[in-house]
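Data first, discussion second: the structure below is written as structure tokens.
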Amino acid sequence: MTVPDLDQKGVTSTIEVSGQSGNAPATLKAAVSVKHTYRGDLHIDLIAPSGKHYPLRPANGGDSAANLAETYTVNASGEPANGPWKLLVRDIFHRDQGTLDSWKLTF
């Protein structure tokens with residue numbers, strides 16, 4: 001999925017979670033892989049089924065390395081585990097674009 005250059009709306013990818021009981025854990029893991037020539041451009045949020053945004057990574061203009069492969073831990077214990085979880089990836093600076101390769105949640 002293409003992450004367009006300088007796009008404040010960004011791209012959203014959804015994982016539909018089912019079969020979990022109760023709420024998400026306090027240590028919900030979100031593994032994210034994005035190919036990008038300048039990962040400092042990337043701002044990434046996890047969006048719970050309730051619509052609440054959990055910031056995973058703010059953009060950082062000083063991070064000039066290429067590509068991003070990280071696992072983030074989120075305290076989402078106030079959220080129902082089941083439902084549509086979304087990843088929002090935005091490229092907030094100009095001159096390049098990237099690709100959201102994959103992402104997954106570990107409960």
Side-chain angles (χ1 to χ4, degrees):
M1 175 178 294
T2 300
V3 179
D5 188 31
L6 194 58
D7 183 3
Q8 291 297 321
K9 291 188 297 182
V11 296
T12 304
S13 176
T14 303
I15 293 175
E16 185 69 41
V17 175
S18 63
Q20 298 288 325
S21 60
N23 284 356
T27 57
L28 177 63
K29 305 275 190 230
V32 180
S33 176
V34 180
K35 296 281 191 256
H36 199 281
T37 57
Y38 197 96
R39 70 183 181 198
D41 289 4
L42 301 173
H43 181 94
I44 303 172
D45 288 340
L46 179 66
I47 306 172
S50 69
K52 181 176 178 180
H53 285 236
Y54 290 87
L56 300 181
R57 180 186 201 285
N60 175 357
D63 185 357
S64 62
N67 303 324
L68 178 115
E70 296 288 335
T71 299
Y72 304 95
T73 302
V74 176
N75 181 353
S77 60
E79 302 290 341
N82 294 321
W85 288 83
K86 298 177 183 179
L87 188 75
L88 172 62
V89 181
R90 294 182 287 156
D91 179 333
I92 64 169
F93 296 109
H94 64 289
R95 294 199 183 121
D96 48 19
Q97 67 182 24
T99 304
L100 172 59
D101 281 340
S102 65
W103 74 286
K104 71 176 185 173
L105 295 173
T106 303
F107 287 81

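Both Tyr72 and Val3 are assigned to one and the same hydrophobic cluster, defined by single-linkage of ILVMFWY side chains at heavy-atom distances under 4.5 Å. Transitive grouping of hydrophobic side chains (ILVMFWY, heavy atoms separated by less than 4.5 Å) brings Phe107 and Leu87 into a common cluster. By the rule that hydrophobic residues join a cluster once side-chain heavy atoms approach within less than 4.5 Å of another member, Val32 and Val17 end up as members of one cluster. Residues Val11 and Leu42 fall within the same hydrophobic cluster, defined by Ile, Leu, Val, Met, Phe, Trp and Tyr side chains chained together at heavy-atom separations under 4.5 Å. Note on Val34: it clusters hydrophobically with Ile15, by side-chain heavy-atom contacts below 4.5 Å among ILVMFWY residues.
Rounded to the nearest 0.5 Å, atoms NZ (Lys9) and CZ (Arg90) are 12.5 Å apart. To the nearest 0.5 Å, atom CG of residue Asn82 and atom OG of residue Ser21 are 8.0 Å apart. Note that CG of Leu56 and CG of Leu88 are 10.0 Å apart. Values are rounded to the nearest 0.5 Å. We find the CD1-CH2 distance between Ile44 and Trp103 to be 11.0 Å, quoted to the nearest 0.5 Å. Taking NZ of Lys86 as the reference point, atom CD of Glu16 lies at 9.5 Å (rounded to 0.5 Å). For the atom pair OH of Tyr38 and CG of Asp91, the computed distance is 11.5 Å after rounding to the nearest 0.5 Å.
The two residues Arg39 and Ala66 have their closest heavy-atom pair at NH1-O, 4.2 Å. Heavy-atom minimum distance, Asp45 versus Pro55: OD1-CA, 3.2 Å. The shortest non-hydrogen separation linking Ala24 to Trp85 is CB-CZ2, 4.0 Å. Heavy-atom minimum distance, Tyr54 versus Ala76: OH-CA, 4.1 Å. Residues Ser50 and Glu79 approach most closely at OG-OE1, 2.6 Å, considering heavy atoms. Annotation for His43 and Ala59: closest pair ND1-N, 3.7 Å, computed over non-hydrogen atoms.
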From CA spacing to verdict: side-chain contact (heavy atoms from CB on, under 4.5 Å), Lys35, Asn67: CA-CA 4 Å; Lys35 296 281 191 256; Asn67 303 324; 3.6 Å; yes

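Remark: side-chain polar atoms of Asn23 are paired, donor with acceptor, to backbone N or O of Ser77 under 3.5 angstrom.
Checking each of Leu105, Thr27, Leu46 against Val74 for a side chain to side chain contact (heavy atoms under 4.5 Å, CB included) leaves exactly one that passes, namely Leu46. When Leu68, Asp96, Asn60 are each tested for a side chain to side chain contact (heavy atoms under 4.5 Å, CB included) with Asp41, only one passes: Asp96.
Heavy-atom contacts from other residues, nucleotides or ligands closer than 6.0 Å to NZ of Lys29 number more than 12.
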